[in-house]
Amino acid sequence: MAEAHHRSRDGVRLETMIRDDSHFIVSVKRCGLCSQAFVSVFTEFVDWASSQDAQYRTVLPITDAEADDLVAGRLSPHQVGALGNGRRHLQSDWPSGAKEPSVYWRSGAFGVHEGH
């Protein structure tokens with residue numbers, strides 16, 4: 001249900017694009033229902049052998065102050081994983097060769113790595 005809400009046009013909207021590279025996308029989004037801010041981190045790793053690129057997405061709720069820091073550049077996209085301490089985040093993992101993504105809730109800090 002949370003994944004569907006985040007992917008819906010009415011549920012969560014893009015507020016600010018922080019990084020928009022072909023294999024690494026970081027953005028601040030906001031819920032249209034409750035105004036909660038989120039950071040979304042998408043990473044893709046090209047699979048040159050089988051052309052089934054691995055894709056990973058993390059959606060973490062953040063405070064308005066953290067969103068402001070991210071937009072202003074006071075918080076690096078590579079630092080947002082540390083904000084996961086003590087918070088739940090929605091994780092989508094679609095490794096090479098998998099038929100569909102695995103979507104689940106996690107807690108704690110997470111690594112932020114640029115794709116290639």
Side-chain angles (χ1 to χ4, degrees):
M1 173 109 58
E3 178 189 22
H5 181 67
H6 275 268
R7 293 187 182 273
S8 75
R9 290 184 181 169
D10 298 325
V12 177
R13 62 177 165 64
L14 175 66
E15 186 166 281
T16 306
M17 185 64 67
I18 305 300
R19 264 306 270 284
D20 190 9
D21 298 337
S22 58
H23 304 293
F24 184 60
I25 301 170
V26 180
S27 61
V28 173
K29 297 184 175 188
R30 194 164 295 273
C31 178
L33 298 175
C34 71
S35 298
Q36 173 65 54
F38 297 89
V39 61
S40 174
V41 180
F42 172 81
T43 305
E44 180 178 48
F45 296 96
V46 175
D47 180 349
W48 296 105
S50 65
S51 297
Q52 295 181 341
D53 299 348
Q55 299 179 0
Y56 303 93
R57 180 179 314 273
T58 304
V59 179
L60 173 73
I62 58 176
T63 67
D64 288 343
E66 291 164 341
D68 291 345
D69 286 346
L70 192 54
V71 170
R74 293 184 296 267
L75 179 64
S76 160
H78 295 92
Q79 296 171 313
V80 300
L83 299 177
N85 281 326
R87 300 183 201 179
R88 290 180 51 167
H89 54 273
L90 188 62
Q91 183 69 43
S92 173
D93 296 340
W94 199 340
S96 296
K99 293 183 182 188
E100 60 186 42
S102 175
V103 180
Y104 54 95
W105 289 101
R106 286 189 78 160
S107 295
F110 56 92
V112 176
H113 307 281
E114 292 190 38
H116 48 76

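The figures that follow rest on heavy atoms only: side chains count, while hydrogens, waters and symmetry mates do not.
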Quiz item: After noting the C-alpha distance and the side-chain angles of Leu83 and Leu75, does the key distance pass the side chain to side chain contact (heavy atoms under 4.5 Å, CB included) rule?
Solution: CA-CA 10 Å; Leu83 299 177; Leu75 179 64; 3.7 Å; yes
Do [X] side-chain atoms and [Y] backbone N/O form a donor-acceptor pair below 3.5 Å?
{"X": "Ser40", "Y": "Ser27", "result": "no"}
{"X": "Gln55", "Y": "Glu44", "result": "no"}
{"X": "Gln36", "Y": "Ile62", "result": "yes"}
{"X": "Ser96", "Y": "Asp53", "result": "no"}
{"X": "Arg57", "Y": "Asp93", "result": "no"}

Self-check item: Worked check of side chain to side chain contact (heavy atoms under 4.5 Å, CB included) between Phe24 and His78
Solution: CA-CA 11 Å; Phe24 184 60; His78 295 92; 4.1 Å; yes
Nearest non-hydrogen partners of [X] and [Y], listed with the distance:
{"X": "Val80", "Y": "Phe110", "value": "O-CZ, 4.1 Å"}
{"X": "Pro77", "Y": "Ile18", "value": "CG-CG2, 3.8 Å"}
{"X": "His89", "Y": "Gly108", "value": "CE1-O, 3.1 Å"}
{"X": "Met17", "Y": "Val26", "value": "SD-O, 3.7 Å"}
{"X": "Asp21", "Y": "Glu114", "value": "OD2-OE1, 4.4 Å"}
{"X": "Ala67", "Y": "Ala37", "value": "CB-CB, 4.3 Å"}

Heavy-atom side-chain contact between [X] and [Y] under 4.5 Å:
{"X": "Ser92", "Y": "Tyr104", "answer": "no"}
{"X": "Thr58", "Y": "Phe42", "answer": "no"}
{"X": "Arg74", "Y": "Asp68", "answer": "yes"}

Same apolar cluster: [X] and [Y], side chain cutoff 4.5 Å:
{"X": "Val41", "Y": "Tyr56", "answer": "no"}
{"X": "Val112", "Y": "Leu60", "answer": "yes"}
{"X": "Val59", "Y": "Trp105", "answer": "yes"}

Practice problem: State the CZ-OG distance between Arg19 and Ser76, to the nearest 0.5 angstrom. | Solution: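 The OG atom of Ser76 is 8.5 Å from CZ of Arg19, to the nearest 0.5 Å.
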Exercise. Decide yes or no on side chain to side chain contact (heavy atoms under 4.5 Å, CB included) for Val46 and His23, but give the supporting numbers first.
Key: CA-CA 8 Å; Val46 175; His23 304 293; 3.2 Å; yes
Quiz item: Which is it for Leu90 and Phe38 under the side chain to side chain contact (heavy atoms under 4.5 Å, CB included) test, yes or no, and what are the steps along the way?
Solution: CA-CA 10 Å; Leu90 188 62; Phe38 297 89; over 6 Å; no
Quiz item: Should Arg30 and Glu15 count as an ion pair when the cut-off is N to O under 4.0 Å?
Solution: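 Looking at Glu15 together with Arg30, the answer is yes, because their closest N to O distance falls below 4.0 Å.
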Quiz item: Above 12 or not: heavy atoms from other molecules or residues under 6.0 Å from CZ of Arg87?
Solution: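 Enclosed.
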